[in-house]
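Beneath this line is the structure, given in C-alpha cells, with notes to follow.
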Amino acid sequence: MKPSEITPNAKLIELFRKVKIRNRLLFIFLFVSLVPVTCIGIYAYNVYTQSINDKLGRSNEQAMYLLNQSFITELNVFRKYIDTISVDEDCQQILSRSGDDSYILNEQDVQTLNELRIRVPFPSIYLKNLRILDRNQNIVYDLGYDDINSERFASLVEDIDRVSPYDSLQYIRTYRSKDKIVVGRKIYSIHNHSEHIGYVLVYLDENFFSNILFTNVSFGDASNIMLIRGDGYIISSQERSLLGSLLESELLTEIQKNQTTLSQTFYSSKNGEKQVVISNYNADFDNYMVATFPYRYLSKETSRINQILVIITILLILLCLYITFLVYTSIMQPINHIITACSVTSDEGLNITIGDTHPDELGFLSRTIDRMIHEIRIFSIHWIRDQEKKRHLELEVLQYQINSHFLFNTLNSLRVVAQMNDVPVLEQGISSLTVLLQHTLVKKQELIPLSLEIENLNHYFFIQNIRYAGIFNVDYQLNDETLAYEIPRFALQPLAENAIIHGTSEEDDPITIVVESRFTDNNTIEIVLRDNGCGFDPNTITHKNKNRLGGIGVKNVDQRIKLHYGSPYGVRVESQPGKGTICHVMIPRKLYKEDIST
C-alpha cells in the first residue's frame, strides 16, 4: 500500500501496535470508564457541594443574626434600667451637688439612692452590682462587695468617656476571680444636656452571655462564639481562655472591613485549618458578635456522602480492574506461551509444547505452532544424523584410499634398507611418514589433544623439509597449558601446507613458519600459524590456482571445526603480498578426554 493510501484508521492501528496489549487494555479501560465517570463525579461533587455549603452558610448567617438580635434585646433591658437610674430626679440632684468641691456625701443621700435602687428593681438575677460616680469619678453609690484594682477601674471610666454618648461594654475579672461585663454610661443633666454630672456602671455576670445566650447555639466541635469590642478586646466567649484577650489582628481587620448589622461571612485559617467566620456589628456598643467554626462543619454532610461515593467508586473500579485483569490474563497467558515457544534458541528447547486446547483464535494459533515445532524437531534430528554420517564418510574416504597393511609393510622395508645403507635422513623421513599414515588410516578418533596434533605437524614439516630442503624454518611458540585441550585431527596440516607452498613460491631466501598457541579468553584457544613469505591478495585468487594454494584444505578445516563446535569457531586467513600469511584457528577450551572405544 502506498503511503498516500494509508487511512487514518490504519495509522491509529499502527500506533496501537507499537504499544503492548497490556498497556492497550489499561488505556482503553481508563479512557472508556474512569475518565467519563471521574469527570462527571467531579462536576456533580462541585455542584452539590457548593449548593449545600451555600444553604448551610445562609442558615448559619441567619442563626447568628437572630443571636445578635437576642443579645441586643436582652442588653436593652439593662440599658432601660440604666436609663431609669440616670434620669431619676433624686439621682440628678445628688450628682449635681456632688460635683461641687464643698459638697460632702451624707447618709441621707446614700439612703435616697438605696431607696431608688429598691424602687427600681434589678431586671435580672445576672445583675451583680450597681455603681454611681460623680463627675470627678468619686464613688457616690456602690452596691457590690467584689471589686477590681484602681488602675483597671480608671480604664473603665476612660472607655466610658471615649465612647460617650454611646454605652460602654467592657470585660473585667474581679478580685474573687469572677468574670463580669460592665455596662457604663456617662450621665448628663436633664436640664442642661451638655453638662456632665456623673457615671453609672452596671455589673453583669458574664455567664449571662456565655451560658444563657450562647448555650443553645453551636456550630459543631471547635466552634466558638465571641462578643468583641471594636478595638478587638474580647468581652465574652464560649472558649473561656480567650476572655479579656485581644483578637488576632488579621482576623480583626477582616471583621472591621464590613461594619453592618447584617451577618457577613468570610474564611480564614487557624492552625493550618480553614475556618468560617460570621460577624454582626452592634453600632450602639461598637462591638461585634462573632462566630468561628471549622469549614468541615459545613462540609461534614457532603464529606460523609463523598466518602460513601468514594467507597462505591473504589469498589466499582476494583471490580472493573478485576474483570480487566481476567480478560488481560486470558489474552496474555497464551500469548506469553507462544512467545516462549517462539524464542527457542537451542535444540533442547524444541522439546517443549504449548498444549493449548481452547477453541479460540489463540488456541488455534498455539496448536499450529506446536505442529511447526514438532516438524522442526524431527528435521533437526535428521540433520544431526546426516552431519554425523557425512563426517564419518569423509574420514573413511581418507582412511581407505590406500591399503594400509600393504603400505605399512612396504614403508617398514624401505626404512630398514635406509638404515642398512646408513641414510639417516631417509630413515627419519620414512619413520615420520609412517607415523602420519598411522594417524590418518589406522586411528579413527576424530578429536585428539593439541600436543598430538603438534607432533603430527612436526612429522609433516620433517617430510616437507626433505622435499624442500633449506627453504623454510619452523619456530614453535606454544603455551604448554593449551596442549591438553582437544582439536580435530589434522586441523593444522593443511594450513602448514598452504604456508610452505604459497610462502615459498616466489622466494629465494628461506622463510620462517611460526606456530603459536594461546588463550584469548575464558572460552577460546587461538592457534596461529604464520609465515613471512611472499603472501597473496585473497581477492585475486582464481579457481585455477586455488587448489595450489590449499584453499580446499583450509575450507575443509574451517567446516570441520564449525561442525564440531559451532559457527563462532573456525579458521580465518589474513594475507598481504610481500608481508606473509597468518592463519587463525579458533577452538573452544575443552580438555581432551580419551575415547576408549577407539
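Computed from a predicted structure; not experimentally measured.
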Is any NZ, NE, NH1 or NH2 atom of the basic residue among Glu481 and Arg589 found under 4.0 Å from an Asp or Glu carboxylate oxygen of the other? no

Between Ser223 and Pro294, which heavy-atom pair has the shortest distance, and what is it? N-CD, 4.3 Å

Applying side-chain contact (heavy atoms from CB on, under 4.5 Å), run through Tyr203 and Val183 and close with a yes or a no. CA-CA 7 Å; Tyr203 291 67; Val183 182; over 6 Å; no

4.5 Å side-chain heavy-atom contact, Thr524 and Phe519: no

Between Tyr233 and Gly244, the two heavy atoms sitting closest are CE1-O, 3.1 Å

Check the pair Ile187, His196 against side-chain contact (heavy atoms from CB on, under 4.5 Å), reporting the backbone distance first and the verdict last. CA-CA 6 Å; Ile187 301 176; His196 169 220; 5.6 Å; no

Working note: Asp286 + Tyr166, criterion side-chain contact (heavy atoms from CB on, under 4.5 Å); need CA distance, chi angles, decisive distance, verdict. CA-CA 8 Å; Asp286 186 28; Tyr166 296 104; over 6 Å; no

Neighbour count >12 (heavy atoms, 6.0 Å) for atom CG, Asp521: yes

So, Ser237 and Glu239: side-chain donor and acceptor under 3.5 Å apart, yes or no? no

Hey, what do you get for CG (Asp179) to CG (Leu204), rounding to the nearest 0.5 Å? 13.0 Å

Would you check if Leu95 and Arg135 make a side-chain contact, meaning some heavy-atom pair closer than 4.5 Å? no

State, with a plain yes or no, whether a side-chain heavy atom of Phe266 is found less than 4.5 Å away from one of Lys257. no

Which heavy atom in Gln170 sits nearest to a heavy atom in Ile235, and how many Å separate them? C-CG2, 4.2 Å

Classify the side-chain pair Asn192/Ser189 by whether it contains a donor and acceptor separated by less than 3.5 Å. no

Sub-3.5 Å donor-acceptor pair from the side chain of His193 to the main-chain atoms of Glu195, do we have one? no

Considering non-hydrogen atoms only, spot the tightest contact between Lys186 and Ile160 and give its length. N-CG2, 3.7 Å

Can you tell me if Tyr569 has over 12 outside heavy atoms packed within less than 6.0 Å of its OH? yes

Could you measure the distance from the CG atom of Asn114 to the CZ atom of Arg119? Nearest 0.5 Å is fine. 11.0 Å

Does the side chain of Leu319 reach to within under 4.5 Å of the side chain of Leu315, using non-hydrogen atoms? no

Calculate, to the nearest 0.5 Å, the distance between atoms CD1 and CG belonging to Ile234 and Leu252 respectively. 9.5 Å

Rounded to the nearest 0.5 Å, how far apart are OG of Ser168 and CD1 of Ile181? 11.0 Å

Are Asp142 and Asn129 close enough that a side-chain donor and a side-chain acceptor fall under 3.5 Å? yes

What's the verdict on side-chain contact (heavy atoms from CB on, under 4.5 Å) for Ile255 and Leu247, showing C-alpha distance, side-chain angles and the deciding distance? CA-CA 10 Å; Ile255 292 174; Leu247 191 66; 3.7 Å; yes

Shortest non-hydrogen contact between Val277 and Ser268, atoms and distance: CG2-OG, 3.6 Å

To the closest 0.5 Å, what do you measure between CG (Leu116) and CG (Asp90)? 7.0 Å

Of Tyr199, Tyr141, Phe153, which meets side-chain contact (heavy atoms from CB on, under 4.5 Å) against Arg131? Phe153

Check whether any side-chain heavy atom of Asp134 sits under 4.5 Å from a side-chain heavy atom of Ile94, and report yes or no. no

Any donor-acceptor pair under 3.5 Å linking the side-chain atoms of Tyr188 with those of Ser164? yes

Can you check whether Lys128 reaches Thr174 side chain to side chain, under 4.5 Å on heavy atoms? no

Calculate, to the nearest 0.5 Å, the distance between atoms CD and OH belonging to Gln264 and Tyr288 respectively. 8.0 Å

In terms of heavy-atom contacts, Leu169 and Arg229 come closest through O-CD, 3.0 Å

May I ask you to check whether over 12 heavy atoms, not counting those of Lys274, lie within 6.0 Å of atom NZ? yes

Find out whether Val202 and Ile85 are in side-chain contact, i.e. whether some heavy atom of one side chain is under 4.5 Å from a heavy atom of the other. no

I'd like to know if the side chain of Ser96 and the backbone of Gln92 have a donor-acceptor N/O pair within less than 3.5 Å. yes

Check the pair Glu206 / Arg240 against salt bridge (charged side-chain N to carboxylate O under 4.0 Å, His left out), numbers first and verdict last. CA-CA 10 Å; Glu206 194 275 333; Arg240 309 299 294 175; 2.5 Å; yes

Validation row: Glu250, Glu254 side chains within 4.5 angstrom (heavy atoms): no

Does Gln275 use its side chain to pair, donor to acceptor, with the backbone of Thr292 at less than 3.5 Å? no

Are there more than 12 heavy atoms of other residues, nucleotides or ligands under 6.0 Å from atom CD of Gln137? yes

Have a look at Phe71 and tell me which of Asn282, Ile225, Asn76, Asn280 forms a side-chain contact (heavy atoms from CB on, under 4.5 Å) with it. Asn282

I'd like to know if Arg162 pairs up with Asp159 as an ion pair, taking the criterion as any Lys NZ or Arg NE/NH1/NH2 lying under 4.0 Å from an Asp or Glu carboxylate oxygen. yes

